[in-house]
J.: 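Can you keep this structure in mind? I'll have questions shortly.
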2 protein chains.
Amino acid sequence: MTTAQRPTLEAVARLAGVSRATVSRVVNGSTTVAQPIQEAVRRAVQELGYVPNLAARSLVTQRTDSVALVMPEEATRVFSDDQVFPGIIRGVSQELEAADKQLVLMLAGSPAGHERVERYTTGRHVDGVLFASLHGEDPLPGMLARLGIPVVCAGRPLGSAEVPYVDVDNVGGVTRAVRHLIGSGRHRIATIAGPQDMVAGIERLTGYREAMAAAGLPVRESFGDFTRESGAAAMRHLLAEHPDLDAVFAASDLMAHAALRTLREAGRRVPEDVAVVGFDDIETAAYTEPPLTTIRQPIVELGRAMTRQLLRMAAGEDIEQALVLPTELIVRESA
Amino acid sequence: MTTAQRPTLEAVARLAGVSRATVSRVVNGSTTVAQPIQEAVRRAVQELGYVPNLAARSLVTQRTDSVALVMPEEATRVFSDDQVFPGIIRGVSQELEAADKQLVLMLAGSPAGHERVERYTTGRHVDGVLFASLHGEDPLPGMLARLGIPVVCAGRPLGSAEVPYVDVDNVGGVTRAVRHLIGSGRHRIATIAGPQDMVAGIERLTGYREAMAAAGLPVRESFGDFTRESGAAAMRHLLAEHPDLDAVFAASDLMAHAALRTLREAGRRVPEDVAVVGFDDIETAAYTEPPLTTIRQPIVELGRAMTRQLLRMAAGEDIEQALVLPTELIVRESA
DNA sequence: TTGTACGCGTTATCAA
DNA sequence: TTGATAACGCGTACAA
């Protein structure tokens with residue numbers, strides 16, 4: 001296997017009859033190079049198929065032109081069936097592509113994986129780090145921020161760390177959903193809450209409680225972890241505890257989907273007997289039986305927004321500590 | 001912002017009272033260093049929080065310790081609702097983590113994106129390239145292979161290029177599904193085929209045709225692009241053309257899901273009037289109405305296998321040109 | 001077993 | 001406007 005030697009700046013310089021420095025200037029778009037020379041250099045680059053060596057460039061510029069996206073590995077499991085995981089990646093990827101930077105994806109599930117992420121990111125091998133879907137109080141974002149490494153989180157980070165984040169308006173969305181239920185005559189509204197070690201789970205429960213309190217209605221709570229399985233168990237639990245319920249707000253569409261099925265198995269009609277509202281607006285939501293009323297969150301836009309914030313930080317700009325994207329109630333047939 | 005200067009080999013060497021070379025040897029696990037010195041070096045590394053500069057290392061080793069995973073951007077749209085996209089990523093990520101290499105994810109949707117991928121990968125900024133879910137005859141994998149850059153594809157690449165790949169047994173899986181339908185008394189079996197510019201679409205149709213021919217049954221074909229929307233349209237088309245059909249094999253679970261709904265809207269009962277079989281075994285399959293009989297493909301394992309092959313190539317080993325993973329018929333209630 | 005010295009391919013500083 | 005030349009941080013012959 002002939003490892004075809006890549007052409008270097010040196011080679012281009014020789015072919016174009018100029019110095020390395022000049023070639024470098026042309027490649028990096030410096031304006032201080034005479035037109036005819038620019039063209040000669042470009043021709044040589046073209047002819048040789050020259051591509052800059054990023055390692056060499058990083059060594060001197062102290063930039064890597066790459067950004068890490070860190071996701072807990074469970075995320076790919078928990079969200080394996082919805083669009084959150086691919087959606088964030090797509091948004092991040094779009095913005096990075098526009099900035100001509102690479103996306104280094106790190107799934108950090110195991111403790112070993114987490115340690116690896118820590119080594120890699122603190123080692124300044126990337127220009128910035130995006131965190132998605134954090135569980136509990138991960139100290140890593142705060143640590144990186146203190147090291148002066150640009151960091152942005154998806155969702156308000158738990159704990160005291162002052163790390164910039166982008167989130168969706170969980171509380172506002174849930175409030176609208178609960179009002180919608182009340183407006184259609186429901187008063188015995190239960191919730192299947194999400195995991196309380198994730199900010200999305202916490203805030204959606206908060207939204208439910210606040211909306212119910214505002215209407216002077218009593219709460220009926222049960223908990224899941226965003227998955228279908230947990231949603232089914234929670235729904236069964238609710239039916240046993242509060243057989244009189246006439247509506248359910250589930251903190252994820254997957255749990256709502258499982259609730260639909262569990263209700264049917266229990267002989268309850270949706271929406272006649274029990275109305276159901278989910279959260280996310282995954283594609284499946286339009287295909288459930290009956291189609292699911294839910295709260296849409298702009299997930300691709302979330303990925304894009306957090307990336308833009310990060311790039312601005314990396315460029316030395318000051319950015320808003322928090323950015324909240326709007327959610328929207330999508331009314332279908334289940335409520 | 002005090003850009004805390006990272007410690008270098010030099011700093012560690014000074015603290016440990018040895019030469020840079022020795023520190024380098026310890027860091028890279030050379031056995032030719034005296035025990036007490038090793039320990040002194042390790043202590044110094046610990047104390048300073050030394051992390052090797054990857055750019056500098058790449059420059060001299062000619063390795064980057066990173067691997068690119070290239071996916072057409074449409075994949076994240078087409079598969080936004082199933083587990084293929086996250087599944088492959090998870091498998092790839094697991095194997096790379098074990099090998100202590102980074103995953104550079106590149107979504108190549110637009111022509112500009114494709115060109116960017118080409119520049120990046122041919123520029124040898126990664127030690128190898130994984131391709132997922134190719135459409136049509138992409139020349140890039142073959143080009144990279146000829147450049148001596150390790151490449152592995154998910155699914156047999158179309159066209160003449162001799163690029164190593166890992167695939168699932170599409171034909172075998174479909175054959176089993178069709179036999180299952182025939183075995184339960186169905187004879188007017190239609191198919192909703194996948195896109196014919198993707199090898200998965202082509203092979204699943206081939207499997208259907210071969211199994212039908214082997215049983216001496218006539219085919220009824222309609223085409224989609226793996227999405228629900230296209231599946232619904234294809235199902236309507238089939239009902240119009242072949243109102244007598246008593247079974248449908250859809251080349252993806254999403255299309256099968258849409259078929260279930262379309263059949264119900266048309267007043268057909270599943271499985272009494274029409275049996276339905278899908279392909280993929282996405283999580284939703286167990287939650288459709290009725291639960292979907294389908295062909296499971298080991299998608300995470302596909303990601304792992306292709307990564308192992310790539311790493312072996314990158315290590316200079318010879319690898320099998322093709323690797324085919326088994327599929328499995330999962331019988332639920334729809335057939 | 002350890003250290004010296006060179007080179008990897010770029011960018012940046014300074015003269016010319 | 002252009003060209004030498006010095007870093008950037010590391011691995012590794014080669015010498016000791």
Side-chain angles (χ1 to χ4, degrees), chain A residues 3-42 44-45 48-66 100 119-120 122-127, chain B residues 3-42 44-45 48-66 100 119-120 122-127:
Chain A
T3 305
Q5 205 55 25
R6 293 174 53 185
T8 69
L9 263 193
E10 180 69 40
V12 177
R14 263 201 310 274
L15 182 60
V18 296
S19 74
R20 277 195 339 248
T22 299
V23 178
S24 175
R25 285 192 263 262
V26 173
V27 169
N28 291 294
S30 166
T31 50
T32 68
V33 178
Q35 268 306 323
I37 296 201
Q38 283 203 29
E39 277 161 35
V41 169
R42 265 185 243 289
V45 165
L48 267 48
Y50 168 77
V51 180
N53 181 319
L54 296 183
R57 177 180 283 170
S58 290
L59 199 52
V60 43
T61 59
Q62 307 279 38
R63 287 177 303 110
T64 65
D65 290 322
S66 66
D100 205 30
R119 231 183 37 238
Y120 192 75
T122 58
R124 294 174 184 275
H125 297 320
V126 286
D127 296 343
Chain B
T3 304
Q5 204 55 25
R6 292 174 51 186
T8 69
L9 263 194
E10 181 69 38
V12 177
R14 262 201 311 274
L15 182 60
V18 296
S19 74
R20 276 201 341 253
T22 299
V23 177
S24 173
R25 285 191 261 265
V26 173
V27 168
N28 291 293
S30 167
T31 50
T32 69
V33 178
Q35 266 307 323
I37 295 199
Q38 282 203 31
E39 277 162 34
V41 169
R42 264 186 244 290
V45 166
L48 267 49
Y50 169 76
V51 180
N53 180 318
L54 263 36
R57 178 181 280 172
S58 289
L59 201 51
V60 42
T61 60
Q62 306 280 35
R63 287 178 304 110
T64 65
D65 290 322
S66 67
D100 205 30
R119 231 181 39 236
Y120 192 76
T122 59
R124 294 175 185 275
H125 298 319
V126 285
D127 296 342

J.: So, the side chain of R20(A) versus the backbone of A13(A): is there a donor-acceptor pair under 3.5 Å, distance only?
T.: no

J.: How close or far is atom C1' of dG11(D) from atom CG of L54(B), stated in whole angstroms?
T.: 13 Å

J.: Just by protein heavy atoms under 4.0 Å, how would nucleotides 10-16 of chain C read 5' to 3' in B, S and -?
T.: BBB----

J.: Could you give the CG-to-P distance, from D65(B) to dC10(D), as a whole number of Å?
T.: 14 Å

J.: Could you check whether I37(A) gets within reach of a base, just the sugar-phosphate, or nothing at all, counting any heavy atom under 4.0 Å?
T.: sugar-phosphate

J.: Let me know the distance between CG of L59(B) and P of dG11(D), rounded to the nearest Å.
T.: 11 Å

J.: Would you mind reading off the distance between R124(A) atom CZ and dC8(D) atom P, rounded to a whole angstrom?
T.: 16 Å

J.: I'd like to know if the side chain of N53(A) reaches the main chain of A55(A), judged simply by a donor and an acceptor atom lying under 3.5 Å from each other, with no hydrogens or angles considered.
T.: yes

J.: Could you check whether any side-chain heavy atom of D65(B) comes within less than 4.5 Å of a side-chain heavy atom of H125(A), counting everything from C-beta outward?
T.: no

J.: Tell me, do Y50(B) and L9(B) make a side-chain contact under 4.5 Å, heavy atoms counted?
T.: yes

J.: Flag the pair Y120(B) / V126(B) as yes when at least one side-chain heavy-atom distance between them is below 4.5 Å, and no otherwise.
T.: yes

J.: Has R25(A) got a side-chain atom pairing as donor or acceptor with T32(A)'s backbone, closer than 3.5 angstrom?
T.: no

